[in-house]
Amino acid sequence: MLRAAAAAAAIFPARFAAAPALAAAEDLRSPLLRVLGTLRGGRSSVLLGRMARFCSNSSDIEAAAAAETEAKAEDATVAEGEADGKASSAIVPTNPQIEDCLSVVALPLPHRPLFPGFYMPIYVKDQKLLQALIENRKRSASYAGAFLVKDEEGTDPNIVTGSDSEKSIDDLKGKDLLKRLHEVGTLAQITSIQGDQVVLLGHRRLRITEMVEEDPLTVKVDHLKEKPYNKDDDVIKATSFEVISTLREVLRTSSLWKDHVQTYTQHIGDFNYPRLADFGAAISGANKLLCQEVLEELDVYKRLKLTLELVKKEMEISKLQQSIAKAIEEKISGDQRRYLLNEQLKAIKKELGLETDDKTALSAKFRERIESKKDKCPPHVLQVIEEELTKLQLLEASSSEFNVTRNYLDWLTVLPWGNYSDENFDVHHAQKILDEDHYGLSDVKERILEFIAVGKLRGTSQGKIICLSGPPGVGKTSIGRSIARALNRQFYRFSVGGLADVAEIKGHRRTYVGAMPGKMVQCLKSVGTANPLVLIDEIDKLGRGHSGDPASALLELLDPEQNVNFLDHYLDVPIDLSKVLFVCTANVIEMIPNPLLDRMEIIAIAGYITDEKMHIARDYLEKNTREACGIKPEQVEVTDAALLALIENYCREAGVRNLQKQIEKIYRKIALQLVRQGVSNEPKDQEALSVTANEEISSSDGAAAKDEILKDSAVEDASVTNNIVNPASEEANEVNLANEAVVHEVHTTEAPKEDNVSEGKDTDGAKEGAADKTIEKVVVDSSNLGDFVGKPVFQAERIYEQTPVGVVMGLAWTAMGGSTLYIETTKVEEGEGKGALVLTGQLGDVMKESAQIAQTVGRAILLEKDPDNQFFANSKLHLHVPAGATPKDGPSAGCTMITSMLSLAMGKPVKKDLAMTGEVTLTGRILPIGGVKEKTIAARRSAIKTLIFPSANKRDFDELASNVKEGLEVHFVDTYSEIYDLAFQSDSGTETS
């Protein structure tokens, strides 16, 4: 121990010599003050060998009263030994025996330059370079040059780069690496090598002069010294004092720097101005290029100035850090204080009996909810609720399981267990409501009345699953609301179009974050009864995704045998849905999976014929639209001819949705026309306000201002009425009666100016004069219909008054209803053995096969009727089905194709006003088809008098309404021979109209 202490005293004489000074400064609190206390100075100048210390009670720097030792020589150096290796970042005195190091191995520093007197650990990945450093250390020439790496061109030094850039530096060799190094670096002593980690100790500045060896990179260097400076210069003194003062301010706010300085004080010698500048730059967190600029600067004053900028910036950062910490601390302390006060308040209220804790209040709320339902609630549900309430009392309110249990109890207790609404089993009342809301739809109404009748006889009703299928706009969704109103049931609608997640039907498991029950549980909570009418819209458009098949999940919901114990994944208790009336809607039932379709009762809703559309437009759509637009019946008249033209030329589809849009368009234009004429349908109170406003208008601008007020009030009234009036509510009737009681004014463009010329005119006289004027009625007829709705959208489907040879009219079914189409056949060329068939018109595979069958059957029938006719054997035929842009498919055009080919083969046209449909077999049998009503409606629309249907469809045709069958001559056939006799009658029969 004594021997080691003596060796240490021999190596570090300056350190022990400075011990009295450090002991004298023990009263200084800051580590940096003790470190920088060795900086000596006098009253007028600060010399290198004199000690300066900082007063802890003052912000200024004061010189020591007396120097304890004599001033040392200006450029004297202090002997320095190797560090013990335990401190990784220490400042040590420089070694004076290093002037002979004129050629050194270059070490690239990627992040920061190394300052003299500081330790820096680096990782050397180049094994050849690492081996060279180990060899140098063994030869007691353990020195290398540490040089900062330049940034690549086009990169921002302020942006942190990844490991790719470091890897690219390791790959550089020789001249390429030399180009990437800064010229000025630091002569570093290799103090230790552990694996690939090398610890460097900076000594003095170097400048690269030339390259000696490429791998490892070895360079010749010049040793740099500071430029001479005047120690007594006031500017240098002031700058150094400001650096020390700034460092002291930073140390007061930053504990990080205090730890650094505490370590540095163990190895520091005496401070001078260059060392002070290096010290400040080295411990700052400045940009590496700014630190390199300090390293390259040899002028002491400029170096101090650069260091001052860096530590000033550090001081600002420290202040910002302190303000951020203070704000966060205030927020946290405020939250804690609020939490403690709330807890104390809860405890006080609990002691006084004013309030219970959260868990007790929640339990009381849930028990109160279920108390009224205990008699009707199933026992297994009550058992689950009691278990969850007990569990809730044992959980901490801050735990996540507490919130899960609370939400679960909330759903369990809010459901209407055994709560059923009182149904209305009055058949006549239901019939009245259904007829009020919808015209036609006799099948649907009849089925609902049957459901009510069964419920009346039994005294209770069971749930059913009904599926309404039909084209868009025929009233499938709206009839569901009317059924609920007729039955006095709550109504709930949700759409499953595009639904691809089973959890929407069955709910999520409670283990998931944000779990929720399925749609049916949400429905029961929303309506508050256990027997609502649930409308499941667009059931034919169910999706299928990675989360399961919703169609399969609906099997349990829509099965009367299974939904008695419907199990939702979230509730995990059986729910009785047997009393729920499910009404589903679909456009195409073929898109519904067969197991799901088997559970539903299908009611097909076909399209409306022209007569039905006329009734709907006149009795429902026009009336509702007129009230919604705020127009009185005496102000407008839409003739039957206009409605008929609108239906046939603009709204030919099966539904009435587009018809409603067109009627709304007509009434909007009429409303604008009336407002421009000065008509105002505002109520009396608004009219009184308008009159009061008119009386306040100045005499100079009276006429013009009154005119603007009348127009603005009329526009406002129209918009308000359009937003508020609900035709199905009683309030709408009251508004309508109030509007009829108001006297409306119809002004010409000059009328407001003539009636309101002066301010003093009597208001009552103006009203009487306006009331005497006649109301100009807007008449919409077929002649001016185009002014309101534009050009006709549809042209007549009937192209030929009398179909020519080779052309026959067929009947088709589409999702929009029924339509007529022509089958056209012509001869391309004729020659022996050239019999062939070409098909066009975007025909599907089934329709192409029907054409092949038609050619075979037609050839056999022609051979039977006219054996000498070799038309099919020697003729190339071209069969086309207009329109070419519309895809077509289906087997029902078989008999029409045969008739078209035979007409061309015999050169005879078919009977006038004839249309047919039916699938044909190779033996000539006619098979049944679908869409009888739609096809019949399409035939009536095209003024067809004679129809040919398969015999198997006679029952379907007989079920049609009498107004649909009126005026039609329908023939039901079993074989094509019967069609032949009907289509190719005598010439006299064909010519008959």
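Remember, it's a predicted structure, so these values are computed and weren't measured experimentally. Throughout, numbering of the chain's residues begins at 1 and tracks the sequence.
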Not counting sequence neighbours, which residues clear side-chain contact (heavy atoms from CB on, under 4.5 Å) with [X]? List them please.
X      : result
Val920 : Ile853, Ile898, Ile926
Asn658 : Cys651, Glu653, Lys661, Gln662
Ala641 : Thr639, Asp781, Ser782
Val793 : Tyr650

Practice item. List the steps, then state whether side-chain contact (heavy atoms from CB on, under 4.5 Å) holds for Ile466 with Ile448. Key: CA-CA 10 Å; Ile466 300 173; Ile448 298 304; 4.2 Å; yes

Practice item. Give the intermediate values and the outcome of side-chain hydrogen bond (donor to acceptor under 3.5 Å, both in side chains) for residues Asp974 and Ser951. Key: CA-CA 6 Å; Asp974 288 317; Ser951 295; 2.8 Å; yes

Any side-chain heavy atom of [X] sitting closer than 4.5 Å to one from [Y]?
X      : Y      : result
Leu533 : Phe582 : no
Leu837 : Gln852 : yes
Lys933 : Phe957 : no
Leu821 : Met809 : no
Ile605 : Asp443 : no
Thr585 : Leu535 : yes
Val534 : Val583 : no
Arg940 : Glu966 : yes

Please confirm whether the backbone N or O of [Y] pairs with a side-chain atom of [X], one donor and one acceptor, at under 3.5 Å?
X      : Y      : result
Asp598 : Asn594 : no
Ser903 : Gly806 : yes
Lys476 : Cys467 : no
Lys888 : Gly841 : yes
Glu538 : Gly498 : no
Ser850 : Ala893 : no
Asn874 : Glu829 : no
Asp540 : Asn587 : yes

Of all the heavy-atom pairs spanning [X] and [Y], show the shortest one and how long it is.
X      : Y      : result
Gly858 : Leu902 : O-CD2, 3.4 Å
Thr820 : Ser942 : OG1-OG, 3.4 Å
Leu785 : Ala645 : CD2-CB, 3.9 Å
Val496 : Ile539 : CG2-CA, 3.7 Å

Practice item. Identify whether the distance between the nearest side-chain nitrogen and carboxylate oxygen of Asp889 and Lys848 falls below 4.0 Å. Key: no

Exercise for review: Salt-bridge test for Asp435 and Lys445: reply yes if a basic N is under 4.0 Å from a carboxylate O, no otherwise.
Suggested key: yes

Exercise for review: Would you please test Leu947 and Met916 for side-chain contact (heavy atoms from CB on, under 4.5 Å) and show each step?
Suggested key: CA-CA 6 Å; Leu947 289 178; Met916 63 185 70; over 6 Å; no

**Study point:** With sequence neighbours excluded, residues passing salt bridge (Lys or Arg N to Asp or Glu O under 4.0 Å) with Asp640
**Key:** Arg618

**Study point:** With sequence neighbours excluded, residues passing salt bridge (Lys or Arg N to Asp or Glu O under 4.0 Å) with Arg447
**Key:** Glu601

Below 3.5 Å, can you tabulate the donor-acceptor pairs from side chains in residues 861-871 to any protein atom, sequence neighbours excluded?
{"unit_1": "Asn869", "atom_1": "OD1", "unit_2": "Phe871", "atom_2": "N", "d": "3.0"}
{"unit_1": "Asn869", "atom_1": "ND2", "unit_2": "Ala905", "atom_2": "O", "d": "3.4"}

Practice item. List the steps, then state whether salt bridge (Lys or Arg N to Asp or Glu O under 4.0 Å) holds for Lys954 with Asp958. Key: CA-CA 6 Å; Lys954 188 175 187 305; Asp958 292 339; 3.3 Å; yes

Would you please name every residue forming a ring pair (Phe, Tyr, Trp, His ring centres under 6.0 Å) with [X], sequence neighbours left out?
X      : value
His971 : none
Phe494 : none
Tyr439 : His615
Tyr667 : none

**Study point:** NZ (Lys965) with more than 12 external heavy atoms under 6.0 Å
**Key:** yes

Check your understanding: Is Arg481 atom CZ crowded by more than 12 heavy atoms from other residues, nucleotides or ligands, each under 6.0 Å away?
Key -> no

Gap between atom [atom2] of [Y] and atom [atom1] of [X] - 0.5 Å precision:
X      : Y      : atom1 : atom2 : answer
Ile505 : Asp549 : CD1   : CG    : 11.0 Å
Cys895 : Ile823 : SG    : CD1   : 9.5 Å
Ile670 : Lys665 : CD1   : NZ    : 13.0 Å
Asp611 : Ile647 : CG    : CD1   : 9.0 Å
Lys827 : His878 : NZ    : NE2   : 15.5 Å
Leu621 : Arg626 : CG    : CZ    : 11.5 Å

Review point. Side chains of Tyr976 and Thr899: do they bring a donor and an acceptor to under 3.5 Å?
Key: yes

Review point. Among side-chain atoms of Asp537 and Ser495, is any donor-acceptor pair under 3.5 angstrom?
Key: no

Practice item. Verify side-chain contact (heavy atoms from CB on, under 4.5 Å) between Arg599 and Ile465, making sure each step is shown before the conclusion. Key: CA-CA 7 Å; Arg599 286 164 166 77; Ile465 296 94; 5.7 Å; no

Exercise for review: Dump the intermediate steps for side-chain contact (heavy atoms from CB on, under 4.5 Å) on Arg485 and Asp437, then the final yes or no.
Suggested key: CA-CA 10 Å; Arg485 193 158 68 94; Asp437 294 343; 2.8 Å; yes

Check your understanding: Excluding sequence neighbours, so at least two apart, what forms side chain to side chain donor-acceptor pair (under 3.5 Å) with Ser478?
Key -> His438

Review point. Which is it for Asn784 and Asp787 under the side-chain hydrogen bond (donor to acceptor under 3.5 Å, both in side chains) test, yes or no, and what are the steps along the way?
Key: CA-CA 5 Å; Asn784 63 349; Asp787 299 336; 5.3 Å; no

